[in-house]
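Working notes, structure below.
All values below were derived from every heavy atom in this structure, side-chain atoms included, with hydrogens, water molecules and symmetry-related copies excluded. In each ligand, atom 1 is the first atom listed, and ligand 1 is the first ligand listed.
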Amino acid sequence: MSKLITLHEFIMDRQSDFPFATGELSRLLNDISIASKIVNKDVSRAGLMENILGSQGKTNVQGEEQQKLDVIADNAFINIFKAGGEVCGIASEENDDFMPFTSELSKNGKYVVLFDPLDGSSNIDVNVSIGTIFSIYRRKSEIGTEATIDDMLQPGEKQVAAGYVLYGSSTMLVYTTGNGVNGFTLDPSIGEFCLSHPNMKMPEEGRIYSVNEGNINICDSGIKRYIEDFCQKTLPKAMRPYSGRYIGSLVADFHRNLIKGGIYIYPKTTTNPEGKLRLLYECNPLAFIAEQAGGKATDGFQPVLSIKPKSLHQRIGYFVGSKKMMEQAMSYMK
Ligand code: P6P
């Protein structure tokens, strides 16, 4: 029976990967795991607590303004970042503008975090897995000052860490600091994330394509040809080597493809001409993980991690998955 390794122990052990590490990034990653446990508690009981489902407007038993679950998740992460002192500012899907922290403690923080606190939250009402996605950068602005928009608009290749939490049949935290990808499963009996998927590698080949086929006639025709020709969708099932699997929750689809191999595509469409997914806090962090695990991620034409961001909530077309499937799909996009 191998020794149980908690996320905290793993982070401390790996701190030596950073020659000048003084522990801030380790503490930040631990803070993220704590906020994830807080969110997990609410997500796992959402069905029982009608006051955290659906939209705002009602008040709960304490007379508090009802908040949507994703706003509750957003606040959980923001509060822990403010308390920790490692983060000088954040950007999140739930906030129109970026948020520089103003305390003296936070202004001395070395990092900024961009995150989607609860991606796919519309699925919570039907008990489908949802996720948190986070991306960590070293600040560009001077220590001791307030964070600036330039701290947030950095290309994905500058990330120092990225990861996601999947609130599913079990709750997992998967992250990279640029030295491979490792997955941790929450053991509710001890309240700890424990190493369950060391050194994760995305299979080079896969048999699964994840795309909303309702969009297939309103996106680049190359995608339709890729699905129908290469994935041989038109063949009888017995002969068809590929299967469509689309959960409609990015983190869940991505996580399955990371483990089993596959490709996820959310292209630009006539209804989403810039794409639907957000570059900074959805596409970049998952692209970092995919590439660290041997996969690839593009906007259909260029690596996601090299895109120079223009705005906080910028959307892009998104292709991410197994190396060979990505190369085949990209050949249809030329
Ligand atoms: P559609 C959820 O809203 C999300 O951002 C991703 O998690 C998911 O993959 C995608 O959008 C689903 O979008 O248009 O297929 O419903």
Met99 side chain near Ile78 side chain, heavy-atom distance below 4.5 Å: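 Touching, per the 4.5 Å side-chain cut-off.
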Contact check, side chains of Pro285 and Gln159, non-hydrogen atoms, under 4.5 Å: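 Side-chain contact under 4.5 Å: yes.
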Test: Arg225 cationic atom under 6.0 Å from Tyr332 six-membered ring centre, within 45° of axis: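 No, Arg225 does not lie over the aromatic ring of Tyr332.
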Heavy-atom closest contact (Gln154 atom, Tyr137 atom, distance):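 Where Gln154 meets Tyr137 most closely, the heavy atoms are O-OH, 3.3 Å.
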Residues lining ligand 1 [heavy-atom distance under 4.0 Å, listed by chain and residue number]: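 Residue list for ligand 1: Asp119, Gly120, Asn212, Tyr246, Gly248, Ser249, Leu250, Tyr264, Tyr266, Lys276, Leu277.
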Backbone of Gln302 reached by a side-chain donor or acceptor of Asp299 within 3.5 Å: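 Confirmed, Asp299 side chain pairs with Gln302 backbone.
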Listed once per pair and sorted, the ring pair (Phe, Tyr, Trp, His ring centres under 6.0 Å) pairs that draw on residues 256-290, sequence neighbours left out: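 As it turns out, the ring pair (Phe, Tyr, Trp, His ring centres under 6.0 Å) pairs with a partner in residues 256-290, which skip direct neighbours, are Tyr281-His313.
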